[in-house]
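Residues: numbered from 1 along the sequence shown.
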Amino acid sequence: MRAQSSATTPTTIAVDSSPTRTAGSPIRTTGTLLAALGVVAFSLTFPATAWGLEGFGPWSLVAVRSVLAAVIAGVCLLALRIPVPARRHRAGLAVVAAGVVVGFPLLTTLALQSSTTAHAAVVVGLLPLTTALFSALRIGTRPSRTFWAAAGAGAAAVAAFTVQQSGGALTTSDLYLFAALLVCAAGYTEGGRLARVMPGWQVIGWALVLCLPLTVPAAALALSYEPVHLTGHSVAGLLWVAAGSQFLGLVVWYRGMAAIGIPRASQLQLAQPLLTLVWSVLLLGEHLTVAAPLTAAAVLVCIAVTQRARS
């Protein structure tokens with residue numbers, strides 16, 4: 001790989017005031033579509049993780065998925081001869097690695113040992129608001145009051161659903177999930193910032209490669225302690241969380257965030273728990289309560305409002 005920086009020239013999508021970013025513009029439309037594709041990919045993560053846990057231990061699943069995703073990313077980076085990122089971007093890549101490569105997968109996998117995918121999906125529905133908050137603190141974005149009101153309403157609907165489902169008391173799995181929200185929001189925010197100056201797939205690609213010195217020995221150690229029972233479900237689940245959720249989903253997600261802005265893209269994720277609820281029924285046979293469609297309707301209204309609000 002060449003030593004020069006891959007992120008020295010900002011792309012046109014990095015300029016918030018560009019006319020091409022106005023509502024209905026091609027870049028805005030494409031960015032929204034890419035971010036939405038990322039949400040669809042992420043919505044399958046919890047069902048795929050549940051499948052993976054049928055044959056792998058939680059530590060093995062997280063470590064192996066990261067190694068496989070890093071191999072895919074590394075091959076792409078080498079094949080295209082992508083230069084190593086500039087030194088000034090490496091701290092940001094470390095935050096992305098800690099948040100979305102290690103922290104979020106580990107914490108949610110531990111939670112799913114005792115939580116249903118439907119419950120976990122709704123708790124993680126708070127991620128859009130958390131990401132918007134991190135974005136405001138980290139890069140100074142200032143969404144409108146309408147945006148915050150709609151985002152807060154969506155988060156409140158998700159929180160009410162969560163409390164109702166858990167009987168009013170938080171469990172250990174809920175604590176894992178709330179911790180996952182914080183680290184993932186930090187990773188999303190930093191990744192969205194970096195995706196303004198380098199292609200989104202390189203952001204997650206370098207973050208995955210950066211973790212290899214940690215994930216390779218972790219995978220070897222975990223596999224030596226946790227038994228493995230390969231089944232069709234466990235292999236399919238592992239492959240999806242590695243290739244779909246950990247790499248391809250983040251590629252289109254970061255690209256979409258760079259095009260339409262972190263706050264607006266983050267609100268598209270309000271649809272993620274709803275999609276995951278559908279997958280939990282279709283793929284895992286879980287049963288939904290009456291509250292699920294009510295929450296779905298409330299969240300969809302909030303999505304419509306946040307996408308129209310000026311951010």
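Put simply, the side chain of Leu106 reaches to within 4.5 Å of the side chain of Trp59, judged on heavy atoms. Under the 4.5 Å side-chain criterion, counting only non-hydrogen atoms from C-beta, Val183 is in contact with Leu107. When side chains are defined from C-beta on, Trp240 does not count as touching Val235, because their heavy atoms never get closer than 4.5 Å. In this structure, the side chains of Arg255 and Pro199 stay at 4.5 Å or more apart for every pair of heavy atoms. Annotation: side chain of Val102 is not in contact with side chain of Ser66 (no heavy-atom distance under 4.5 Å). Two residues are said to be in side-chain contact when any heavy atoms from C-beta on lie closer than 4.5 Å; Tyr188 and Cys184 meet this criterion. Thr276 places a side-chain heavy atom less than 4.5 Å from the side chain of Pro47. You'll find the side chain of Leu181 stays beyond 4.5 Å of the side chain of Thr131, heavy atoms only.
Using a distance-only test at 3.5 Å, with no hydrogens or angles considered, no donor-acceptor pair links the side chain of Gln113 to the main chain of Pro58. Formation of a donor-acceptor pair under 3.5 Å by the Glu190 side chain with backbone atoms of Ala97 is not found in this model. Between the side chain of Thr108 and the main chain of Pro105, a donor-acceptor pair closer than 3.5 Å is present. Looking at Thr215, its side chain does come within 3.5 Å of a backbone N or O of Cys211 through a donor-acceptor pair.
Distance check, rounded to the nearest 0.5 Å: CG of Leu93 to CZ of Arg88 gives 11.5 Å. Note: Trp206 CH2 to His89 NE2 = 13.0 Å, rounded to the nearest 0.5 Å. One distance of note links CE of Met257 with CZ of Arg193; it measures 11.5 Å at 0.5 Å rounding. From Ile72, atom CD1 reaches atom CG of Leu248 across 7.0 Å, with rounding to the nearest 0.5 Å.
Leu275 and Leu282 end up in the same hydrophobic cluster when Ile, Leu, Val, Met, Phe, Trp and Tyr side chains are linked at under 4.5 Å. In the hydrophobic cluster analysis, where Ile, Leu, Val, Met, Phe, Trp and Tyr join through side-chain heavy atoms closer than 4.5 angstrom, Val123 is grouped together with Phe104. Both Val84 and Met198 belong to a common hydrophobic cluster when Ile, Leu, Val, Met, Phe, Trp and Tyr are linked at side-chain heavy-atom distances under 4.5 angstrom. A continuous path of ILVMFWY side-chain contacts below 4.5 Å connects Val209 to Leu214, so both sit in one hydrophobic cluster. Note on Leu127: it does not cluster hydrophobically with Leu34, by side-chain heavy-atom contacts below 4.5 Å among ILVMFWY residues.
For the pair Leu221 and Ser224, the tightest heavy-atom approach, listed with the atom from each and the gap, is O-OG, 2.5 Å. Between Phe134 and Ala185, the shortest heavy-atom contact is CD1-CB, 3.7 Å. When all heavy atoms of Thr45 and Ser245 are compared, the closest pair comes out as OG1-OG, 2.7 Å. Considering all non-hydrogen atoms of both residues, Val67 and Ala219 come closest at CG2-CB, 4.2 Å. Leu77 and Gln202 make their closest contact through CD2-CG, 4.3 Å (heavy atoms, listed as atom of the first residue, atom of the second, distance). Residues Leu194 and Gly92 come closest through the heavy atom pair CD1-C, 3.7 Å.
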(message) Could you go through Gln246 and Leu68, starting from their C-alpha distance and side-chain angles, then the distance that decides it, and tell me whether this counts as side-chain contact (heavy atoms from CB on, under 4.5 Å)?
(response) CA-CA 9 Å; Gln246 194 86 64; Leu68 291 178; over 6 Å; no

(request) Verify side-chain contact (heavy atoms from CB on, under 4.5 Å) between Leu238 and Arg65, making sure each step is shown before the conclusion. (result) CA-CA 6 Å; Leu238 172 63; Arg65 70 179 273 186; 4.0 Å; yes

(request) Give the C-alpha distance, both sets of side-chain angles, the deciding distance and a yes or no for side-chain contact (heavy atoms from CB on, under 4.5 Å) between Trp253 and Val39. (result) CA-CA 7 Å; Trp253 173 244; Val39 170; 3.9 Å; yes

(message) Between Val62 and Val241, is the side-chain contact (heavy atoms from CB on, under 4.5 Å) condition met? List the steps.
(response) CA-CA 9 Å; Val62 172; Val241 293; over 6 Å; no

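Side-chain atoms of Thr29 and Thr32 include no donor-acceptor pair closer than 3.5 Å. For the residue pair Ser60 / Glu226, a side-chain donor-acceptor distance below 3.5 Å is found, with atom types taken as modelled.
Checked against Val124 for a side-chain contact (heavy atoms from CB on, under 4.5 Å), the options Phe178, Phe42, Phe46 give a single hit: Phe46.
The aromatic rings of Trp201 and Phe247 stand perpendicular to each other, their planes meeting at an angle above 60°, with 30° marking the opposite boundary.
Counting heavy-atom neighbours within 6.0 Å of Trp279 CH2, excluding the residue itself, gives a total of 12 or less.
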